[in-house]
Amino acid sequence: MNTTPFTPTDSAWGPDERQRLLECSTEPLATPGRIQSFGTLLAVDRQTGTVVVASEDAADTLGLTISEIGDDRLRDAYTHGVAIDPIRVGFRGAEHDVIVHRDADPVIIELEPTVPDLEYVRTGVVTAIQRLAGITDATELRRRAAAEMKAITGFDRVMCYDFFDDGHGEIVADEREPDMEPYLGLHFPASDIPPQARALYLQKRSRAIVDTRDDGKALVTLLPELGPLDLTTTELRAVSPHHLQFMRNMGQAATVSFALVADDRLVGMFTCAHRTVRRVPILLRRSLEVLASQVTMQLTAARQIAELRRQLTARERRSAVVAPLYGALDVHAALLDGQKTVLDAVPADGAYLRLGGVARTIGDVPEPELLGAVVDDLGTPPFWSEALPIEHPELAVEIPGVAGILSVSLGEPGDCLVFVRGEVTREVNWLGDQTAENRDHPLSPRRSFSAWKESVTGRSLPWGDLVKDAEDLAVDIRAAIERRNEAELAELAFHDPLTGLQNRRFLDDRLEELLRETEGGVAMVFVDLDDFKAINDTHGHDVGDAVLVAVSKRLTHSARSEDVVVRFGGDEFILICRDVDVADAHTIAERALLALSEPVVVEDLTIRMTASAGVVAATERPTSAELLEAADAAMYRAKRAGRGRVSR
């Protein structure tokens with residue numbers, strides 16, 4: 001099944017095409033009550049062995065037992081044969097290949113006269129499979145397989161079809177005689193091979209139509225109450241008159257088709273077509289079914305490899321876009337202004353990003369307010385359209401120039417990422433004029449199959465796999481934002497909300513690590529404001545808080561860049577000095593106290609204060625608790641010595 005994006009057209013989805021599909025669904029394809037004339041069919045009651053249904057050429061066998069017709073080989077085939085394994089038998093003086101459908105009730109026996117001229121052609125199929133086995137390119141594989149089938153069967157033309165998700169198909173290989181019109185690259189509507197016919201190919205992997213002018217043979221029954229036989233899995237099942245006319249209009253007298261089935265879906269088909277009546281023997285058809293299965297496996301593997309590569313490339317593009325989010329302060333800027341933007345992950349003409357009520361755009365987009373209103377009217381993401389003017393004309397007029405829109409959610413209500421595309425006029429090449437002028441009436445087959453172009457307007461390029469890419473990008477963005485938020489919360493847990501300095505929790509959690517990581521000496525300076533309680537009591541806590549903020553700034557400015565300043569609690573601060581000895585730390589402490597001795601102005605108040613500091617060096621790798629205890633003791637020695645000084 002072709003998942004390549006395809007722009008829908010009136011020919012693929014128009015009302016006439018939908019009506020044709022509806023009409024096709026009512027045809028009794030599996031129970032036509034007739035078979036093709038190149039063989040004979042018998043249906044035998046399982047209990048009595050009596051022939052209860054026969055094609056009209058063998059009506060004289062009705063009521064006879066299987067032992068009374070044919071030779072011993074036919075009786076053995078009836079007893080032991082299976083549908084997939086033809087058996088050579090004698091019937092009415094001629095050699096036949098017999099196919100027995102033992103799962104049916106009554107048991108169905110099909111007999112096809114042998115084709116002596118093609119008796120051993122099937123041996124070339126093995127060689128063909130070997131030649132095709134190493135081809136990994138899908139286009140080349142289809143072409144070479146079609147060429148092999150043409151050489152083996154002798155048919156005038158062999159085509160390979162590829163089916164799209166919407167049901168229509170494309171001819172992706174066309175090996176033909178030089179005088180025949182080329183069909184390669186032409187599309188055809190779903191009604192050429194309607195769903196009911198495709199479903200039959202899932203149960204019966206090949207279909208031979210020997211003569212398009214054959215009216216077939218009626219089935220005669222002794223038991224009308226049985227109703228028409230289900231011929232789904234038979235070789236001889238008669239052909240829809242509509243399809244026979246279709247084939248004749250194409251100049252085809254005979255065809256044989258082979259299904260390409262992957263994951264229980266009909267993904268394609270090889271069709272061999274001939275301008276004169278031609279019959280392929282059952283054993284050759286079976287061999288070519290194997291070849292088709294081999295090609296299907298190779299195509300599936302190639303498609304899976306291509307999809308894995310596409311996913312890997314898409315993941316790499318997303319990573320390049322999302323990675324800066326982890327270090328950026330502005331999410332909008334990281335996604336829209338960076339070296340890689342969201343348009344690198346999902347190619348489009350422009351994008352609209354709305355987060356936390358803030359909207360920004362990149363590329364060629366309508367006014368953000370207008371686009372945002374249309375996005376809201378379209379409903380909760382995800383949403384995508386490749387034909388906004390056709391599907392939502394009332395909204396398209398609000399954002400002229402936009403034909404394609406793709407919207408995905410970023411988690412919170414209203415948060416979304418939207419991609420837009422302008423109109424692109426495209427041409428689709430069809431197998432025959434798809435208009436009513438090329439049909440006797442809307443439901444009849446096309447008269448001509450010459451290439452016909454259809455222009456498509458009002459649509460953007462199809463989104464295709466980009467819908468999944470956009471959804472994956474949204475997931476990655478949401479995850480990055482969540483991790484950013486978690487990191488910010490974690491970081492806030494280690495910061496004092498008033499001063500912005502590291503807090504006591506940080507010290508408890510990280511001090512041991514700092515001690516281990518520092519190769520040189522580590523010293524701690526414990527700073528305590530002298531009589532800070534009096535400031536709060538006299539001027540209030542708002543003034544006290546302002547003083548503490550000023551203290552934190554002065555300590556930060558007096559410390560070195562590699563030092564860590566911590567608000568330990570209340571009016572107590574700690575400086576962790578790395579790669580210093582105790583003398584260096586003493587100098588840092590004196591510089592800090594000198595900075596704190598300058599008056600602090602809060603509105604119209606001038607507040608003077610002093611601080612005491614204790615300095616201790618971690619000479620013998622003490623624990624963090626031991627270091628804190630020693631620094632605290634040194635600070636109190638400074639207070640007892642008269643305040644406003646440094647003590648070791």
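With salt bridges taken as basic N to acidic carboxylate O contacts below 4.0 Å, none links Asp137 and Arg143. A salt bridge does not link Glu386 to Arg421: none of the charged side-chain nitrogens sits closer than 4.0 Å to a carboxylate oxygen. Under a 4.0 Å N-O distance rule, the pair Arg237/Glu110 does not qualify as a salt bridge.
With ring centers used as reference points, Tyr183 lies 6.0 Å or more from Tyr161.
Side-chain atoms of Thr40 never come within 3.5 Å of backbone atoms of Leu111 as a donor-acceptor pair (strictly under, hydrogens ignored). Using a distance-only test at 3.5 Å, with no hydrogens or angles considered, no donor-acceptor pair links the side chain of Thr50 to the main chain of Val52. Remark: the backbone N or O of Ala104 is paired with a side-chain donor or acceptor of Arg46 at under 3.5 angstrom. A distance-only check finds no donor-acceptor pair linking the side chain of Arg459 to the backbone of Gly404 [under 3.5 Å]. Looking only at distances, a side-chain donor or acceptor of Asp166 sits under 3.5 Å from a matching main-chain atom of His168. Checked by atom type and distance alone, the side chain of Gln298 pairs as donor or acceptor with a backbone atom of Leu132 at under 3.5 Å. The backbone N or O of Leu223 sits less than 3.5 Å from a side-chain atom of Thr221, completing a donor-acceptor pair. Distance alone, capped at 3.5 Å, is enough to place a donor-acceptor pair between the Arg279 side chain and the Pro113 backbone.
Listed by chain and number, the residues in a side chain to side chain contact (heavy atoms under 4.5 Å, CB included) with Arg205 are Ala259, Val261, Glu289 (sequence neighbours excluded). Scored by the side chain to side chain contact (heavy atoms under 4.5 Å, CB included) test, Ala54 finds Leu42, Val51, Ala58, Thr61, Leu62 as partners (sequence neighbours excluded). Remark: Glu423 engages no residue in a side-chain hydrogen bond (donor to acceptor under 3.5 Å, both in side chains) (not counting sequence neighbours). Applying the side-chain hydrogen bond (donor to acceptor under 3.5 Å, both in side chains) test to Asp179 and every residue at least two apart in sequence or in another chain returns Arg275. Not a single ring-ring contact (aromatic ring centres under 6.0 Å, His included) links Phe258 to another residue, sequence neighbours left out. In this structure Ala199 satisfies the side chain to side chain contact (heavy atoms under 4.5 Å, CB included) test with no other residue, sequence neighbours excluded. Listed by chain and number, the residues in a side chain to side chain contact (heavy atoms under 4.5 Å, CB included) with Ala345 are Arg318, Val321, Leu473 (sequence neighbours excluded). For Glu316, there are no side-chain hydrogen bond (donor to acceptor under 3.5 Å, both in side chains) partners at least two apart in sequence or on another chain. Every residue two or more places apart in sequence or in another chain that forms a side-chain hydrogen bond (donor to acceptor under 3.5 Å, both in side chains) with Glu181 is listed here: Ser450. Under the rule for a salt bridge (charged side-chain N to carboxylate O under 4.0 Å, His left out), Arg278 has no partner lying at least two apart in sequence or in another chain.
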Assess the residue pair Leu308 and Gln311 against the criterion (side chain to side chain contact (heavy atoms under 4.5 Å, CB included)); give the C-alpha distance rounded to whole Å, side-chain angles, the decisive distance to 0.1 Å, and a yes or no.
CA-CA 5 Å; Leu308 288 173; Gln311 291 178 4; 4.2 Å; yes
Stepwise side chain to side chain contact (heavy atoms under 4.5 Å, CB included) check, Cys160 with Leu260:
CA-CA 10 Å; Cys160 182; Leu260 304 180; 4.1 Å; yes
Go through Arg317 and Asp469 one step at a time and tell me if the side chain to side chain contact (heavy atoms under 4.5 Å, CB included) criterion holds.
CA-CA 10 Å; Arg317 289 198 302 263; Asp469 291 347; 4.0 Å; yes
Ile66 and Val107: side chain to side chain contact (heavy atoms under 4.5 Å, CB included), yes or no, with the steps?
CA-CA 11 Å; Ile66 195 68; Val107 176; over 6 Å; no
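Across Val256 and Val280, no two heavy atoms sit closer than the pair CG1-CG2, 4.1 Å. Of all heavy-atom pairs between Thr212 and Ala254, the closest is CG2-N, 4.3 Å. Across every non-hydrogen atom of Arg34 and Gly216, the tightest pair is NH2-O, 2.9 Å. Pairing each heavy atom of Asn249 with each of Pro445, the nearest pair is ND2-CB, 3.9 Å. Across every non-hydrogen atom of Pro389 and Gly458, the tightest pair is CD-O, 3.7 Å. Minimum interatomic distance between Ser385 and Leu388 (heavy atoms only, all atoms of both residues): OG-N, 3.3 Å.
Counting heavy atoms from C-beta on, the side chains of Leu186 and Phe449 never come closer than 4.5 Å. Side-chain contact between Val115 and Leu284: absent, with no pair of heavy atoms (C-beta onward) separated by less than 4.5 Å. Within the 4.5 Å cutoff, the side chain of Arg447 has no heavy atoms near those of the Asp433 side chain.
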Return a table of donor-acceptor pairs under 3.5 angstrom between the side chains of residues 88-100 and protein atoms on other chains or two or more places apart.
residue, atom, partner, partner atom, Å
Arg88, NE, Asp97, OD1, 2.7
Arg88, NH2, Asp97, OD1, 3.1
Arg88, NH2, Glu119, OE2, 3.2
Arg92, NH1, Asp57, O, 3.0
Arg92, NH2, Asp60, OD1, 2.4
Arg92, NH2, Asp60, OD2, 2.9
Glu95, OE1, Arg73, NH1, 3.4
Glu95, OE2, Arg73, NH2, 3.1
His96, ND1, Ala94, O, 3.1

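Side-chain contact annotation: Ser240 with Glu27, donor-acceptor N/O pair under 3.5 Å present. Between Asn438 and Gln434, the side chains place no donor N or O within less than 3.5 Å of an acceptor N or O (distance only, hydrogens not considered).
Ring geometry for Phe383 against His392 counts as perpendicular: the plane angle is over 60°, on a 0 to 90° scale with 30° as the lower cut.
Checked options Asp174, Thr271, Thr255; the residue passing with Arg157 is Asp174 (criterion: side chain to side chain donor-acceptor pair (under 3.5 Å)). For the side chain to side chain donor-acceptor pair (under 3.5 Å) with Glu235, the qualifying choice from Lys204, His101, Gln36 is Lys204, the only one to do so.
Taking the ring axis of Phe188 as reference, the NZ or CZ atom of Arg446 does not stay both within 45° of it and closer than 6.0 Å to the ring centre.
Residue pairs meeting the ring pair (Phe, Tyr, Trp, His ring centres under 6.0 Å) criterion with at least one partner in residues 22-48, sequence neighbours excluded, are absent.
In this structure, Ile405 CD1 and Ser460 OG are separated by 10.0 Å, a value rounded to the nearest 0.5 Å.
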